[in-house]
Chemist: 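Let me begin by handing over the structure; questions about it come next.
Numbers here are sequence positions counted from 1.
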Amino acid sequence: MKTMLVMRRIHLYLALFLMPWILMYAVSGLIMHHRELIRELVGGEVYAVNTLEREMVYDTVFPEDSGPMLKAEQVLNDLGMSGRFNARERNDSGLLIINRMNLLKPRRIEYNPSYKSLKIYAGKAHPVPVLTRIHHRLGYGNGSGIDNIWAFFVDSVIGAIFFWSISGVLMWYGIRKTRVSGLILLSAGALVFIFCVLMI
């Protein structure tokens, strides 16, 4: 009985502590699941990273045999914009395209080696794309220490969902009068899930 009480307390307080993350995943999941409807409501331009923020001459020399990621890292360091990013280089023109990830204001940086020019484009800090970016933010060792802290809490939410599933079943089973109705619902849910998976 005492074990069950402790489990209920953990179940409750863990939910209260992680509520901001759960709400964020619920709302952002809704946005992504109904992407076209949301685009119609808010306008597709809120997702774009196409507002020219700055243009400048950038004359630099990259180390020999540098790939796009090493070049991008050098560019970002020179701009004082180090952090999470991905990069690609066009084979035909040598244009280096860097996507500097940022939850509130992502940027796309284009370096044209032929003209020694650098263009920096910014995205909008609109709640809809911001929530989508937060939803996709994951992984360790991808930037500053805050990224690892965030990744830890993503793991915490994952662990909590496992715990809630198991503790929920144990708490249900501990109440005799709900065992039959609970078993019917548990079985029905499992069957519907399996059916949907097999039919997709």
Side-chain angles (χ1 to χ4, degrees), residues 6-36 38-39 42 44 46-51 53 63 66-89 96-111 120-171 189 193 196-197 200:
V6 171
M7 186 180 296
R8 286 177 182 171
R9 289 290 183 269
I10 296 173
H11 191 104
L12 170 65
Y13 291 123
L14 192 60
L16 291 172
F17 180 75
L18 293 175
M19 186 182 294
W21 280 268
I22 301 301
L23 285 174
M24 178 275 296
Y25 282 120
V27 175
S28 57
L30 182 69
I31 289 170
M32 291 187 292
H33 191 62
H34 298 281
R35 189 178 180 86
E36 295 306 316
I38 298 298
R39 277 181 174 271
V42 302
V46 300
Y47 290 91
V49 184
N50 58 6
T51 302
E53 188 177 66
S66 293
M69 293 299 284
L70 284 176
K71 290 179 181 179
E73 187 174 10
Q74 181 175 323
V75 172
L76 291 173
N77 286 336
D78 289 343
L79 292 172
M81 296 172 60
S82 59
R84 298 182 69 187
F85 71 93
N86 59 49
R88 58 190 172 90
E89 196 170 23
L96 179 67
I97 301 172
I98 307 164
N99 293 306
R100 173 64 176 88
M101 301 170 196
N102 185 279
L103 294 180
L104 296 179
K105 200 171 186 180
R107 288 178 174 85
R108 186 179 78 251
I109 300 151
E110 297 181 357
Y111 170 62
I120 303 172
Y121 298 89
K124 295 177 176 63
H126 190 281
V128 168
V130 167
L131 278 167
T132 303
R133 288 192 287 269
I134 293 175
H135 189 108
H136 289 294
R137 185 179 183 179
L138 46 82
Y140 291 90
N142 293 316
S144 63
I146 192 65
D147 287 309
N148 291 332
I149 293 172
W150 181 265
F152 169 78
F153 281 107
V154 171
D155 273 344
S156 299
V157 171
I158 294 167
I161 291 171
F162 277 113
F163 174 77
W164 289 328
S165 300
I166 296 168
S167 60
V169 169
L170 292 175
M171 287 189 291
F193 175 82
C196 290
V197 169
I200 290 174

Chemist: Assess whether side chain to side chain contact (heavy atoms under 4.5 Å, CB included) is satisfied between Ile158 and Ile161, documenting all intermediate values.
Modeler: CA-CA 5 Å; Ile158 294 167; Ile161 291 171; 5.9 Å; no
Chemist: Any chance you could measure Arg8, atom CZ, to Leu170, atom CG, to the nearest 0.5 Å?
Modeler: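 These two atoms lie 11.0 Å from each other.
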Chemist: For a quick test of reading the model, state the closest non-hydrogen atom pair linking Asn50 to Lys124 and the distance between them.
Modeler: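 Heavy-atom minimum between the residues: OD1-NZ, 4.4 Å.
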Chemist: Return the minimal non-hydrogen interatomic distance between His135 and Gly29, and the atom names on each side.
Modeler: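 Here His135 and Gly29 meet closest at ND1-N, 4.0 Å.
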Chemist: Compare all side-chain heavy atoms of Met81 with those of Ile109 and state whether any distance is below 4.5 angstrom.
Modeler: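 Contact flag for Met81/Ile109 side chains = yes.
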Chemist: Within the 4.5 Å heavy-atom criterion, are Met101 and His136 side-chain neighbours or not?
Modeler: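 Result no, sub-4.5 Å side-chain heavy-atom pair not found.
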Chemist: Angle between ring planes, Phe153 versus Trp21, binned at 30° and 60°: parallel, tilted or perpendicular?
Modeler: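 Aromatic pair Phe153/Trp21 classed parallel.
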Chemist: Do you know which two heavy atoms are closest between Asn77 and Ser82, and how far apart they sit?
Modeler: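 That closest heavy-atom pairing would be OD1-CB, 3.4 Å.
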Chemist: Could you state the interatomic distance from CG (Asp78) to CD (Glu73), rounded to the nearest 0.5 Å?
Modeler: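 Here the interatomic distance stands at 11.0 Å.
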Chemist: Is it the case that the side chain of Arg133 and the backbone of Leu103 share a donor-acceptor pair, with hydrogens and angles ignored and the cut-off at 3.5 Å?
Modeler: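 Present.
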Chemist: Would you indicate whether the side-chain heavy atoms of Val154 and Val157 approach each other to under 4.5 Å?
Modeler: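 Val157 vs Val154: side chains apart.
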Chemist: Nearest 0.5 Å, please: how far is CD1 in Ile38 from CD in Glu36?
Modeler: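 The CD1 atom of Ile38 is 10.5 Å from CD of Glu36, to the nearest 0.5 Å.
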Chemist: Quick check on side chain to side chain contact (heavy atoms under 4.5 Å, CB included): which of Leu76, Ile120, Asn99 does Arg107 satisfy it with?
Modeler: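 One option only clears the test, and that one is Ile120.
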Chemist: Measuring from atom CG of Leu14 to atom CE of Met7, what distance do you get when rounded to the nearest 0.5 angstrom?
Modeler: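 Going from the CG atom of Leu14 to the CE atom of Met7 covers 12.5 Å.
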Chemist: Could you tell me the separation between the CZ atom of Arg35 and the OH atom of Tyr47, rounded to the nearest 0.5 Å?
Modeler: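 If we round to the nearest 0.5 Å, Arg35:CZ and Tyr47:OH are 5.0 Å apart.
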Chemist: Can you find a pair of side-chain heavy atoms, one from Phe85 and one from Val75, that are under 4.5 Å apart?
Modeler: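 In short, these two side chains do not touch, never coming nearer than 4.5 Å.
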Chemist: Determine the minimum heavy-atom distance between Trp150 and Met24, stating which atoms define it.
Modeler: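 Minimum heavy-atom contact is CZ2-CE, 3.9 Å.
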Chemist: Which heavy atom of Glu53 sits nearest a heavy atom of Ala122, and at what distance?
Modeler: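 Result for this residue pair: OE2-CB, 3.8 Å.
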Chemist: Show the nearest heavy-atom pair for residues Ala72 and Leu96, with the distance to one decimal.
Modeler: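 The pair with the smallest heavy-atom distance is N-CD2, 4.0 Å.
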Chemist: Are Met19 and Leu16 close enough, and set up right, to give a side chain to side chain contact (heavy atoms under 4.5 Å, CB included), and what steps lead you there?
Modeler: CA-CA 5 Å; Met19 186 182 294; Leu16 291 172; 4.1 Å; yes
Chemist: Could you grab the distance from atom CG of Leu23 to atom CG of Leu18, nearest 0.5 Å is fine?
Modeler: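 Nearest 0.5 Å value for the CG-CG distance: 11.0 Å.
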